[in-house]
Amino acid sequence: MTSGSRQVELGFDPVSIDRKWQERWERDGLNSVPDNDERPKWFEMTMYPYPSGDLHIGHWYAMAPSDAHARFRRMQGYNVLHPIGFDAFGLPAENAAISRGIHPYEWTMDNVENMRRQLRSIGAIYDWDREVVCCLPDYYKWNQWFFIKLYEQGLAYRANAPVVWCPSCITVLANEQVLNGACERCGAMVTRRDLEQWFFRITDYADRLLDFSGLIEWPDKILTMQNNWIGKSTGVEISFDIGSLGIEEREIRTFTTRIDTIFGVTFIVLAPEHPLVEQITTPQHKAEVEEYVAQARRTSEIDRLSADKEKTGVFTGAYAFNRLNWERVPIFISDYVLMTYGTGAVMGVPAHDARDFEFARKYRLPIRQVIAPISWDGSELREAYLGDGFMTNSGAYDGMTNDEGVEAISDDVEKQGWGKRAVSYRIRDWLISRQRYWGTPIPMIYCESCGVLPVREEDLPVLLPSNAEFKPTGESPLAASAEFVNTTCHACGGPARRETDTMDTFMDSSWYMMRYVSPHFQDGPVDPELAKSWLPVNQYTGGAEHAVMHLLYSRFFIKALYDMGMVDFEEPFLRLYNQGVILGQDHEKMSKSRGNVVAPDDVVSVMGADAVRCYLMFIGPWDQGGPWSGEGTNGIARWLNRVWDIAIRDAAALDGSSGSASRDTRRLLHQTVRKCYNDLDRFKFNTAIASMMELTNHLNRVWAEGSVEPELWDECVEKLLLMLAPMAPHVTEELWERTGHEYSIHRREFPVWDEELAADEVFTLVVQVNGKVRDKLEVPVGIPEAEAQQLALSSPRVQSFLDGKAVNKTVYVPGRLVNVVVQ
RNA sequence: GCCGAAGUGGCGAAAUGGUAGACGCGCCGGUCUCAAAAACCGGUGGGGGCAGCCCCGUGUCAGUUCGAAUCUGACCUUCGGCACCA
């Protein structure tokens, strides 16, 4: 039952109608997608769900509107591929194995089976023959194949790097998977740890990933987020002299975007993890530095980066020389400097950087202003000055603008060999290794004599062993399976060990759209001929939370394939639309702990799939999300009931006596078709439904008057059903049959409108005096300006507001209003 | 803290420079009923007036404009995202 206190009583049984047509469509293969077809193709994809066990209303909110849009495209005459699959690898399956003793495969495939049933209840046009389940060897074999291709291109490499470590999941997390210092999956606070890992060189593609070059139509919001995530900044890498310290390294390299402020350097700060820290620290500072380093490694990166956190740091006892003025500056370490960005070392310019300013204040370091705003009177700074100005206290560069200073100093630095212009990115390489069982085994072997080798293509897939140790040991569960680990080197025949890590599941989702095209193809990840005709994806829909992970990885992946000549397109998803989040009744997030999760099965079994579909599309703009309301669904149920009632009436009862009623009805019909067509095209489902409601309200009115022509009535019913078909596929199919039409409504084209028939004959001319509405006049469309003004001015109501005052001017907006301006 | 989006009836919303509140929920009144539910019909931003009508009203304050929910600036609030990026 819905949460509403009253239940709308329907004049038909939606549940049996759902069942009847879902079975019929399946039997007839109505939704099977042909590969070779006259029609233009349209590949519309919704982000595939993780098989967590049960479909919740959020899944419906993602899938029902996207299905309606795909159906609309099909009715526009496209051959539409709107597939579904399961993002079936991942940690929850492993957690279930650990906590409940169920094998991840069993847990996952049980859930998949259940969710298949629930997904069918939506009544979407999924072609189940094209389903992709990426935990099956048929799929993950190609993950391995792609991995090897990337490896051969030099895009996959191993590195020992500090990684984010979740002590609860006992696994490495991508930087992008950490939320507020906590593990995205389990919520535990993360720490850091060094491990030998596989990476993909996404940083090689940073510039190309920044180039959206009109190829793709994505929301600006997502583009901005990707832009910020990649975080390109141009500057100068400048080294400071530490030759006097007597260690092997003669300089410290820093990166700055403000080389113009180099004369304002009063200290250097290294990241605590910087390799030079140990060597340069003097004996009397050793204990303090070591303690600080240890603490920094314990602190999660997110905490270190917290803006509210007070700056901390310690002096190493060492000094470096600024080569531009040979000043001696102290070297500190502080956790506000990150080893993973730039060179892991920063030149401290407190006068012109807010963080350096704060640091200098705290440790009483000198603050020297070297950029002077025009109005500067020489007084001391109260905060860092970040703006433009003239170079001062900067030797030969004094008097230049700071922009000129950047160029002049960069030139000189390069000439002297102290550094070079450089670009720095925030984005880091994609860490692909996971110390988990339920993922794609990384297809590499380690041979004592031949070193690191990829598995031969003919030996793929490297199958996941079924007998793994799931209890977390800190190692990959695969390491516990001797028969998996121990293998033979195909190069020398000697003993070798397999890589025991598995792949990040973002690997699966980076290319799954390709697999939908030819899911059963055996000779490659995708049939090249079909790839040519289907790819890339025309329309992708899904949550905005994937803005910087999945969507960026996939773009990188496809660009890498493009470079290898494997695909002929550079962007996987041409158009993107992000739906909002469905909330609970009181605008709160839905969660199991709150107990406010709406189970679609419960609602659908009472009011049918169509009412749920339509309600979700009616609550508001799709991209804004909104609250689920049990009572709100009553409105849609009532409306579908009215549609039913209208459709099954016998139009012979009408006498069509009023020509004007027929004219009005025909006009409204064509206006409604125009409105629905344009709204559905742009995912504006809510206003499309509202306009259909207006049409049904009108039809009820004219029926009561009996004044409309029977043929026109039938035409209205037919077109209303066609317009509603993408949103309410079951009821419309049933009514299509009951009104004597040929099966199936879903093979018909969307109605078209006639601009002439949609055109209004009269409109309401608004008459304003000084911008305030004072009268409304019904006038014919195309009324001449002079006549409209005449009518407006002679309106008695307008006259009473003019009160004899002189008219300064009148503003005329054709088809809308006359504004009379007085005094 | 920074970035982005958004603030409109009791509620979900519509209108993106020109009639504010379409459409729907809820509520109120009516029809039907012994009664209720359902269904159907009518009403429903606030204030004033017997009424014709009038005034006010789209987070706040300014501004631009003949005219602003819509554009600009500042502020407040909420929601998303996040990077102390040197």
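All chains are named by letter (A, B, ...) in the order of the sequence lines, taking the proteins before the strands, and each is independently numbered beginning at 1. Fair warning: this is a prediction, and the values are worked out from it, not measured in the lab.
When the C1' atom is compared between B:U78 and B:A83, the two are found 23 Å apart, to the nearest whole Å. Taking atom C1' on both B:U16 and B:A68, the two are 11 Å apart, rounded to the nearest angstrom. Taking the P atoms as reference points, B:C11 lies 30 Å from B:G73, given to the whole Å. Distance noted for atom C1' between B:U65 and B:G29: 45 Å (whole Å). Of the C1' atoms belonging to B:U64 and B:C79, the separation is 30 Å, rounded to the nearest Å.
Of the side-chain N and O atoms in A:N697, none sit less than 4.0 angstrom from OP1 or OP2 of B:A22. Not one side-chain nitrogen or oxygen of A:N686 sits closer than 4.0 Å to the OP1 or OP2 atom of B:A22. Neither OP1 nor OP2 of B:C85 sits under 4.0 Å from any side-chain N or O of A:Y425. Between A:R638 and B:C25, a side-chain N or O to OP1/OP2 separation shorter than 4.0 Å is present. Distances shorter than 4.0 Å separate some side-chain N or O of A:R797 from OP1 or OP2 on B:C53. Between A:R642 and the phosphate of B:C40, there is a side-chain N or O to OP1/OP2 separation shorter than 4.0 Å.
The residue A:V773 sits close only to the backbone: its heavy atoms come under 4.0 Å of sugar-phosphate atoms, none of a base.
Proximity of the aromatic rings of A:Y341 and A:Y425 is defined here by a centroid distance below 6.0 angstrom, and this criterion is not met. Aromatic ring centroids of A:F359 and A:Y336 lie under 6.0 Å apart. Taking the six-membered ring for Trp and the full ring otherwise, the centers of A:W218 and A:Y577 sit at least 6.0 Å from each other. Aromatic ring centres of A:Y615 and A:W628: separated by under 6.0 Å.
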